[in-house]
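Worksheet: one structure, shown below.
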Amino acid sequence: MATVDLKDVRKVYAGNVEAVKGVSIDIADGALCVLVGPSGCGKSTLLRMVAGLETITGGTVSIDGKVVNEIGPAERDIAMVFQNYALYPHMKVYDNMAYGLRNRGTPKDEIDRRVREAAETLELAHLLDRRPRELSGGQRQRVAMGRAIVRKPKVFLFDEPLSNLDAKLRGQMRVEIKNLQRSLGVTSVYVTHDQLEAMTLADTLVVMNAGVVEQAGAPLDIYEKPASTFVASFIGAPPMNMIPAGGDGHPEALAGAQTLGFRPEDARISTPAGEGGLTLAAVVEAVEPVGAESFLYCAAEGQHLVVRVAGRSGANIGDKLTVTTPREKLHWFDKAGRRVSA
Amino acid sequence: MIGLSRRRGVIAHIVLIIGMLVVAFPIYYTFVASTHSLQTILRPPLPLLPGPEIFNNYYEALFGGIGRIGGVNVWTLLFNTTVMALSIAVGKIIISILSAYAIVFFRFPFRMTFFWLIFITLMLPVEVRIMPTYAVMVNLGLIDTYTGLTLPLMASATATLLFRQFFLTIPGELIEAARIDGAGPWRFFKDILMPLSRTNIAALFVILFIYGWTQYLWPLLMTNRNDMTTIVIGLKKMISFADADTQWHLVMVTAMLAIIPPILVVLFMQRWFVRGLIETEK
């Protein structure tokens, strides 16, 4: 059990490319922290610095209160699950899981006990004699997990571990990872570019963009109060609608606010907006029924909007609608894209 | 080759069979000659079928008089050649896998310079640098030794390059996983790199063994004593200028004997050899 603390961590690659520009995050003991952001935002680099696979240009990384900047990956007492699983192709499943323990000189019967225990937990017991290439993607993923848990490390690191699985399996593994992490109570850092994965897994969600932390906090807090237009459009699918503030039917803007945002599910059709709410005249451009809900893609004031309606929608392409949003569901952002609060 | 029509199959086979005949006939003829008496060989035409002297000839070549090839029997020559071919093959593999390991996985000053130095030697075959190499060996007193016979032929740019290309295809994540699993450089080499290189090593072994076995110029220069020379040189020495003095039937037997070990190596390692050449799965 351990905490992970990053203090002003920076990474500059040769040629002065600054990949991580001063990131500070405190991860509580036993918490699952998800780093999310678009490709190239520095989230993987940050994770690899925690793992010890990248040198740290500036700042400190501490595990369990001890600065580990100069300590090699094997001595940091971490385990990592890679995107492509990185299983040793020539070793059987059993040996894949046992390899790290053998290198540490763990006694043979202890290794055996731990591997079988992990295999039991992950339902891999019948596959211990197979080689990785004889396994399906999901099974390989489990072996990679098994290799991490037999070590009983202080910290788990996940580098986009589900991105090579199909959608159904991904959902299933997501739940399993969450349950496993909770039952083992091991502090974890999880990197993903999938905001749904990020929302559902995280105890602490860290949204990164261009090498800096845009916002960190509980997933629903971030969803409800995004700190910037970037976070607002990155978290949530479909993304938040944004329009320039001050148009017809707009409520009075907050001081300094330039952009007005509202989530697709907060928009209403043909319902009075109420005091201080937003009212827009929109034209339906496309209808996307997905079963339990439908998405209406509309145009209003030269902007494209998405409105979520429950169940089947009677709207057709070309229909004129009145889209409204109550005042308490509106988000305001200033010129720089930062959130403006009342 | 899926969906080949029957006619194309027949044509392909005819071409293959003709090719086979062109390659195999001289070897077959050598075999035929090795089964006849010297008189039959010297009196043309040589029969196309094996003759009655097969057991006599082979017995004489293998167990006959000691002084047959300048005072040395064929076993010594086969032994020398085996030592040479094995040392060259194993030595080349060890040296090149280690140098490729260093060049691919370690960051050290002048890494690329070293790589290019190795690469450049590809353009210099043994024959080009044979005089300076010979001079060095003479000065070191290595004439008529196994060391002198094998050492200069061990460094191999080709094998280094082959291993380098293979190592470059090993995914970075695998290396990182090994680092996190606590595998240091030696363990990584021994536990992960070597097992993954198995098929490449087997394929190289076959090629290099044959390369070592068929060396001609270098053993010709390096050996003065007949008991240190190789079977290929021995064969050459068995043929004297006066045609009538040459024991042609024994020359043919010795040639057959010289072919057998490389064939055995290929046969035994064929499975690995083919896999090493075609395998892409990592």
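To find a chain, count down the sequence lines: A is the first, B the second, and so on, and within it residues start at 1. The analysis underlying the following values was restricted to heavy atoms, covering all of them including side chains, and did not include hydrogens, waters or symmetry mates.
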Discussion item. Show the nearest heavy-atom pair for residues A:A74 and B:G182, with the distance to one decimal.
Written reply: CB-CA, 3.4 Å

Item to complete: Flag the pair A:R151 / B:I180 as yes when at least one side-chain heavy-atom distance between them is below 4.5 Å, and no otherwise.
Response: yes

Discussion item. Taking CD in B:Q165 as the centre, count heavy atoms belonging to other residues, nucleotides or ligands within less than 6.0 Å. Is the count above 12?
Written reply: yes

Item to complete: Kindly state each residue pair satisfying salt bridge (charged side-chain N to carboxylate O under 4.0 Å, His left out) with at least one member in residues 150-176 of chain B, sequence neighbours excluded.
Response: A:R48-B:E176

Worksheet item: How far does CZ of B:R179 sit from CG of A:L53, to the nearest 0.5 angstrom?
Response: 5.5 Å

Discussion item. Does atom CZ (B:F110) have a neighbourhood of more than 12 heavy atoms from anything else shown, all under 6.0 Å?
Written reply: no

Discussion item. Can you tell me if B:Y146 has over 12 outside heavy atoms packed within less than 6.0 Å of its OH?
Written reply: yes

Worksheet item: So what's closer than 4.5 Å to chain B heavy atoms on A:Q83: side chain, backbone, both or neither?
Response: both

Worksheet item: Does A:Y99 offer a backbone N or O that forms a donor-acceptor pair with the side chain of B:D181 under 3.5 Å?
Response: no

Discussion item. Please tell me whether A:Y88 and B:D191 have a donor and an acceptor in their side chains that are separated by less than 3.5 angstrom.
Written reply: no

Worksheet item: With a 4.5 angstrom heavy-atom cut-off, which part of A:L87 approaches chain B: side chain, backbone, both or neither?
Response: backbone

Worksheet entry | A:N84 vs B:P171 side-chain heavy atoms within contact, under 4.5 Å | no

Discussion item. I need the residue from A:A79, A:G100, A:G72 with the largest number of non-hydrogen atom pairs under 4.5 Å to chain B.
Written reply: A:G100

Worksheet item: chain B heavy atoms under 4.5 Å from A:R147: which part of the residue, side chain, backbone, both or neither?
Response: side chain

Item to complete: Tell me, out of B:G172, B:A178, B:G184, who's got the most heavy-atom pairs with chain A below 4.5 Å.
Response: B:A178

Discussion item. Tell me whether B:F105 at atom CZ has more than 12 heavy atoms from other residues, nucleotides or ligands lying less than 6.0 Å away.
Written reply: yes

Fill in: Exceeds 12 heavy-atom contacts within 6.0 angstrom, atom NZ of A:K66
no

Worksheet item: So what's closer than 4.5 Å to chain B heavy atoms on A:A144: side chain, backbone, both or neither?
Response: neither

Worksheet item: Is it true that atom CD of A:E110 has more than 12 heavy atoms of other residues, nucleotides or ligands lying nearer than 6.0 Å?
Response: yes

Discussion item. Which heavy atom of A:P89 sits nearest to which heavy atom of B:L196, and what is that distance?
Written reply: CG-CD2, 3.4 Å

